[in-house]
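Inspection log for the structure reproduced underneath, given as structure tokens.
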Amino acid sequence: MRQSRHIGKTLRETPKDAQTIAHSLMLRAGYIQQLSAGVYVYMPLLHRTLTRISQIVREEMVAAGAEELLMPALQPKELWEESGRWERYTAIDGIMFAFKDRRGSTVCLGPTHEEIITDILRQEIKSYKDLPKCAFQIQTKFRDEIRPRFGLIRAREFIMKDAYSFDVDEQGLEVSYEAMRKAYHRVCQRLGFKYCAVEADPGAIGGSGSQEFMVLADTGEDTILFCNKCDYGANQEWASSVIETFPQNEEIKPIQEVLGEGIIKAEPLCKFLNLPMWKITKTILYEADGKLVAVMVRGDCDINEVKVANYLKCKSLRLLAPEKIKQLTGAEVGYAGPIGLPEGTLIIADNYVKDRINFECGANKTNYHNINVNFGRDLPYPEFGDFKLAEAGDGCPKCNGKLDSARGIEVGHIFKLGTKYSEAMNCRYLDAEGKSRPVIMGCYGIGISRIAAAYIEQNHDDKGIIWPIQIAPYHTHLIGLNLEEKNVSNEAERIYSVLQQEGIDVLYDDRQLRAGEKFSDADLIGIPIRLTMSKRTAEQGKIEFKLRTEKKSEVLTLQEAIAKIKAIIKESESKKSK
RNA sequence: CGGAGCGUAGCUCAGCCUGGCUAGAGCACUUGGUUUGGGACCAAGACGUCGCCGGUUCGAAUCCGGCCGCUCCGACCA
């Protein structure tokens, strides 16, 4: 491509809306243009990169035994009602774009495709002999995100690869899931990511287990925790951890109400009462689908609301508003405790709350706290579970290691769905005994457009993007200098066409600009190999070769340069799965 | 949705508080000249429904009201 005819001007200044480096660089280098909130034009350079990312993903999906198809983005309401997700996705969460067509039928733009694929496969699968099956597509998804942000990281329209597996039983699902898990690792490796795969919350998609593929970046929206000894890793919203416990060998004391005026929050409280943090109890009041719930955790812990919501199986979980707390408990915020809550309040407590004696908790009276509280005597044992937020420094739940934390961008997420959709939508088969069984499903997503943004977030310098050869928009960037001299421009033109004949993708900067501007643009755009033809090199009959990752350049013959470029391309292609 | 902010040239922004006549700057763009291997310089030019609608006023980018759009902080997720 001749840069003089290329669409996508570079900008010197950072557009003010860009909050992350990747977003800013993509705007400045002409990879994206914003059309409205969370909606972007994929400009020619990005389009090429997305095509390459898609191709890598496609190759690994096919190698894992999946078959490609393409489903409609426009979907009928009926299938979503059948799966039971219509209300959640529209009225409750509002994540789905839905509207009426001219005949008055309600339709929506697909945020995901479990319903459609299940509808297709239930017509396909009749017998255990029809299984297993695995299908994937690379397609535009629509999600009316509550808050789109960071450019392509969280967009309302984005490109996703989604795959769906169908098996006869759990063991079959294990095999399919494992094949996808490996394929996801290969995709991440081929792309050249610094990443990690972690256990995750299946969330709205549902199912029994899931893993997220996290690209490590400080601007990531997620916090991940991983063990410094074993392979345990999990999204913080899903992670469990081990914390220190203390011997409970003191005598059981009588419960006592203590005045501690204006003293709230665990730390001031433990100083005031001269108690260790772990003896304090945080009791937080929530409204779960309109029902009052009190959650207790140890004073040195925080609550993980995802765990609480999962335990309660509720659709919405909100902190109780201060006015409501006062109305229901009679106390200001900060004095809530498990004793004396309104009738019918569900009390749940973190496991680490359980084996303590003579602990503290709020008295549900402004300025008062109870000490020497004991389960069984002062209040019944509540329901216990894992509700605390795991944090860096906690112990690993699998070994005796410690958890470290990092920020990550979720580029892939794989789920064991089980029978959630096949039961709801009647996707069944007859087994060898002639018995009807629901198909066991899995689903597997990769954010194609997000990968581009995540890669830049992880690989850039102060001058611009640094693409690897496998997903760069072009393999080489040919820079022509001194083009006003006929012999130089002739030579540059010749090299441009030789490179093309050799099957090397080349962006040829044939613009009449100064060297500095061309080099700056080249650094910004980030094509991995730069070839420079100028008066200087033309005289030697050679060309300057430079890698985007290196400071130094070398002067080579065209043949040598081509050989090097081909070696680099070949090296990246050797990672492809057969 | 709750909280905060912004909307003036392609981009970054000044002007608004304290209303005033042809609305500014830098970058980008056009033309000419000098330059020419890391975002040059000089000169001349082109480019604006000041987000939209309404109100106040002799007069509105500026004050007031409504609407729209965008961004940030929280819940969502590939």
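Owing to the predicted nature of the structure, the values given are computational and were not obtained by experimental measurement. The chains referred to below are lettered A, B, ... by the order of the sequence lines, with proteins before strands, and numbering in each begins at 1.
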* Using only heavy-atom distances, decide whether a donor-acceptor pair under 3.5 angstrom links the side-chain of A:Arg318 to the base of B:C1. =>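 For A:Arg318, whose side chain was compared with the base of B:C1, there is no donor-acceptor pair (under 3.5 Å).
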* Asked: Below 3.5 Å, does any donor atom in the side chain of A:Glu517 face an acceptor in the base of B:G38, or the other way round?
  ->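 By the distance-only test, no, there is no pair.
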Please determine if a side-chain N or O atom of [X] lies less than 4.0 Å away from the OP1 or OP2 oxygen of [N].
X: A:Gln33; N: B:G10; value: no
X: A:Arg12; N: B:A28; value: yes
X: A:Arg149; N: B:G74; value: yes

Using the [atom1] atom as the point on both nucleotides, what is the distance between [M] and [N], in whole Å?
N: B:G51; M: B:A9; atom1: C1'; value: 15 Å
N: B:G45; M: B:C6; atom1: P; value: 36 Å
N: B:C42; M: B:G5; atom1: P; value: 41 Å
N: B:U18; M: B:C13; atom1: P; value: 25 Å
N: B:A43; M: B:A4; atom1: P; value: 48 Å
N: B:A60; M: B:U22; atom1: P; value: 11 Å
N: B:G69; M: B:C53; atom1: P; value: 16 Å
N: B:C16; M: B:C63; atom1: P; value: 9 Å

Base, sugar-phosphate or nothing for [X]? Non-hydrogen atoms, less than 4.0 Å.
X: A:Ile95; answer: sugar-phosphate
X: A:Leu481; answer: base
X: A:Lys9; answer: sugar-phosphate
X: A:Asp162; answer: nothing
X: A:Ser449; answer: nothing
X: A:Glu212; answer: nothing
X: A:Arg530; answer: base
X: A:Lys535; answer: nothing
X: A:Glu544; answer: base
X: A:Ala155; answer: base

Counting only side-chain heavy atoms from C-beta out, which of [options] sits nearest to [X]?
X: A:Pro15; options: B:C77, B:A75, B:U12; result: B:U12
X: A:Asn482; options: B:G39, B:C76, B:U36; result: B:U36
X: A:Phe415; options: B:A78, B:G38, B:C70; result: B:A78
X: A:Arg514; options: B:C76, B:U71, B:U36; result: B:U36

Paired with [N] by Watson-Crick or G-U wobble geometry, both distances under 3.5 Å: which nucleotide is it?
N: B:C70; result: B:G5
N: B:C11; result: B:G26
N: B:C16; result: none
N: B:G48; result: none
N: B:G54; result: B:C64
N: B:C41; result: B:G33
N: B:C77; result: none

Whole-Å gap separating [atom2] ([N]) and [atom1] ([X]):
X: A:Ile153; N: B:A78; atom1: CD1; atom2: C1'; answer: 10 Å
X: A:Lys16; N: B:U71; atom1: NZ; atom2: P; answer: 11 Å
X: A:Lys141; N: B:C77; atom1: NZ; atom2: P; answer: 16 Å
X: A:Leu513; N: B:C27; atom1: CG; atom2: P; answer: 16 Å
X: A:Phe150; N: B:G74; atom1: CZ; atom2: P; answer: 8 Å
X: A:Arg154; N: B:U71; atom1: CZ; atom2: C1'; answer: 16 Å
X: A:Leu11; N: B:U12; atom1: CG; atom2: C1'; answer: 10 Å
X: A:Lys551; N: B:G38; atom1: NZ; atom2: C1'; answer: 13 Å

Verify the neighbour count for atom [atom1] of [X]: are there more than 12 heavy atoms of other residues, nucleotides or ligands below 6.0 Å?
X: A:Glu178; atom1: CD; result: yes
X: A:Glu87; atom1: CD; result: no
X: A:Asp218; atom1: CG; result: no

Would you kindly say whether [X] and [Y] are connected by a side-chain donor-acceptor distance under 3.5 Å?
X: A:Arg52; Y: A:Gln55; result: no
X: A:Thr223; Y: A:Arg407; result: yes
X: A:Tyr286; Y: A:Glu305; result: yes
X: A:Gln137; Y: A:Asp162; result: yes

* A:Glu81 vs A:Lys77, salt bridge (Lys or Arg N to Asp or Glu O under 4.0 Å): CA-CA, chis, key distance, verdict -> CA-CA 6 Å; A:Glu81 284 179 329; A:Lys77 176 187 187 185; 3.5 Å; yes
* To do: Report the residue (A:Asp17 or A:Thr532) whose heavy-atom-nearest nucleotide on RNA chain B is the more 5′ of the two.
  =>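 By nearest-heavy-atom nucleotide position, the 5'-most residue is A:Thr532.
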* Could you say whether A:Ile159 or A:Ala37 is positioned toward the 5' end of RNA chain B, judged by the nucleotide with the nearest heavy atom to each? =>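 Nearer the 5' end of the strand: A:Ala37.
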* Asked: According to the 5.5 Å centroid and 30° plane-angle thresholds, does A:Phe519 stack upon the nucleobase of B:G39?
  ->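 No, the aromatic ring of A:Phe519 does not stack with the base.
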* **Ring-face cation contact, A:Phe158 with A:Arg143, 6.0 Å cut, 45° max** =>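 Negative - A:Arg143 is either too far from the ring of A:Phe158 or too far off its axis.
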